[in-house]
Amino acid sequence: MKYSNYSTVIIGSGIAGLYAALKIEQQVNLPDGLLLITKSKLGESNSRYAQGGMVGVMKENKSDSTASHISDTIKAGAGLSEFNTVKYISEHSDAVIKDLLKFGVEFDRDENNNLCFTKEAAHSVRRILHSGGDATGKMIEQALCKKVRENENIEVYEETDAVELLVSSDRCKGVLIFNDETQEYETIYSPAIILATGGIGQLYKYTTNPAGATGDGLALAYNAGAVMQDLEFVQFHPTALAIDCGENRFLISEAVRGEGAKLCDGDGVEFMSKYDERKELAPRDIVTRAIFSEMKKNNVDNVYLNATCIDAKKLAKRFPNISQKCMENGIDIAHDFIPVAPAAHYYMGGIKTNLKGETSIEGLYAIGEAASTGLHGGNRLASNSLLECVVCAYSAAEYLKSIELKTPKQIDESIKSLLDKYTDEDVILEELDIPSLKKELQEIMWSYAGIFRDEKSLLTALNKINKLKSEFPRNYKCLSREEYEFKNMLLASLLIVNSALMRKESRGAHCRTDYPDTKEECIHSCITKKEGVPDFVK
Ligand code: FAD
Ligand code: SIN
């Protein structure tokens, strides 16, 4: 096996990982260099598919203020957002966006070259910046990828999976990686490992997330002993295009509702006023539950989004990708209703971190969707994720600047015996039908641990997942990336279901039909491997 040393290793090349790489390279003393590893091609990530935009609380937007953004974020967060985190991220919005502009990111502007701001659900003012109309993620990602590729101080490994974090004496000392093309393992020692591995959407049958969102960071950090927070909180987006095409469902951005589109049944009858006075622009969890309830009541697979009230030229200019994707499926959004249904979209839970990106394990950091900073609470406000990715990448880089990054040189015995489990040639593994196992898991999570849950459904999920686990005889070494991903998906699912069982109330995106009320006391759930079951802490 090959061994290497790096001063910092970033795992993941979404917007959080890419921006962190650029900021760390700019600011931090890196005697052993900087490595970015990503399990697919650079740029393939959830980030690339972000549509609606990125919150920009910009000084030049006189109708907005950080106080207003903080208030909207906290209201949406159902009592679980952390005030100091929200404040820090909001207050850094202007600076990071100006920095992104310097890295070549372009946001849409009006004819006077002023930034355009749009509105999405539960925002009280227009404050969302977008790029390429509805291709915000792709535009940011492309600009950052270009800078990373041009930067000779950032080494990039593509098609490479992080499969195990190497921890001893309560410190993370490195990471074991696996190249899916060459089937080779490499051990990397580093004093700073940053997980920027994104979300978990692929655990569910219906999701807006691409194939790579398999909860790897969650599983890696949990196995390493890190504290995990609020794992029961999965956000379901109200409006994914209700047409199956591949591993995920195409998103119909909330910004379409922000521009005036209405939700209705097949006869064009609008229904949101029955559920919330803010109607289509109520927080995401409320709109999702309203749509799902309508679908159940009428025994149909989708409702409709009516965007025909928006000027056709505006629709085409503002939402070019959505217009095109719908047209490819025979839907002209200027004239036809769009069939939509909820889908798993974002993970509020994750690896507990502070604002420096520090986890509970020394030397291990997490940023972006993989982390739980306390910004989103029980329900993320639209377009706050991209902002969090960038601000937290920035603050992690600031923090690393202040510490000495000395690579741990010695190989200790506990790490050596762990590595042996991956390289043991005597372990013969038989091929497994991963696509069908994966499909089964996604069905279980959707049916029993989805938008509405109760004790009976969650216990059913637990039994079924454990049964599936017994059909997947892998503890350490796997044969392929698909297998490593499935191993992580099983663990992430068990963690989510266990946490959902433990939270006996409904709050934000966690809706227990057997405990419909929200408790007065507002607590985070925390779980670690050592303790085994979720523990609720203030
Ligand atoms: P990601 O962008 O998901 O990147 C994770 C990276 O980690 C990937 O490169 C992946 O390959 C890599 N990786 C994972 N596991 C491993 C491993 N084991 N080894 C090596 N590499 C690994 N948010 C907004 O704020 N505004 C929006 O408009 C918006 N629209 C969205 C639309 C869609 C369709 C989706 C799916 C999400 C949207 N979101 C939006 C959410 C937002 O895009 C994500 O939360 C955010 O981009 C996450 O960025 P990230 O860098 O943390 O992770
Ligand atoms: C969307 O465009 O609806 C997604 C925005 C988000 O997830 O923040």
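What you are looking at is a predicted structure, and each value in this text was computed from that prediction instead of being measured. All residue numbers refer to positions in the sequence shown, counting from 1. As the structure lists them, so they are numbered: ligands from 1, and atoms in each ligand from 1.
Side-chain contact check for Asp99 and Tyr19: at least one donor-acceptor pair (N or O, by modelled atom type) lies under 3.5 Å. Under the 3.5 Å distance criterion, with hydrogens and angles disregarded, no donor-acceptor pair is assigned to the side chains of Asn209 and Asn248. Residues Thr208 and His345 bring a donor and an acceptor atom of their side chains to less than 3.5 Å of each other.
With a 4.0 Å heavy-atom cut-off, ligand 2 is reached by no atom of Thr239. For Arg284, every heavy-atom contact with ligand 2 shorter than 4.0 Å involves the side chain, none the backbone.
Protein heavy atom in closest approach to atom 40 (C) of ligand 1: Ala50 CB, 3.9 Å. Given atom 2 (O) of ligand 1, the protein heavy atom at minimum distance is Ser47 OG, 2.5 Å. Of the protein's heavy atoms, Gly12 CA, 3.6 Å lies nearest to atom 12 (C) of ligand 1.
The shortest N or O to N or O distance between Gly52 and ligand 2 is below 3.5 Å. Between Ala16 and ligand 1, at least one pair of N/O atoms sits closer than 3.5 Å. For ligand 2, none of its N or O atoms has an N or O atom of Gln51 under 3.5 Å away.
Residue Arg380 places a heavy atom less than 4.0 Å from ligand 2.
Of all the atoms in ligand 2, the ones that sit under 4.0 Å from a non-hydrogen atom of Leu251 are 1 (C), 2 (O), 3 (O), 4 (C).
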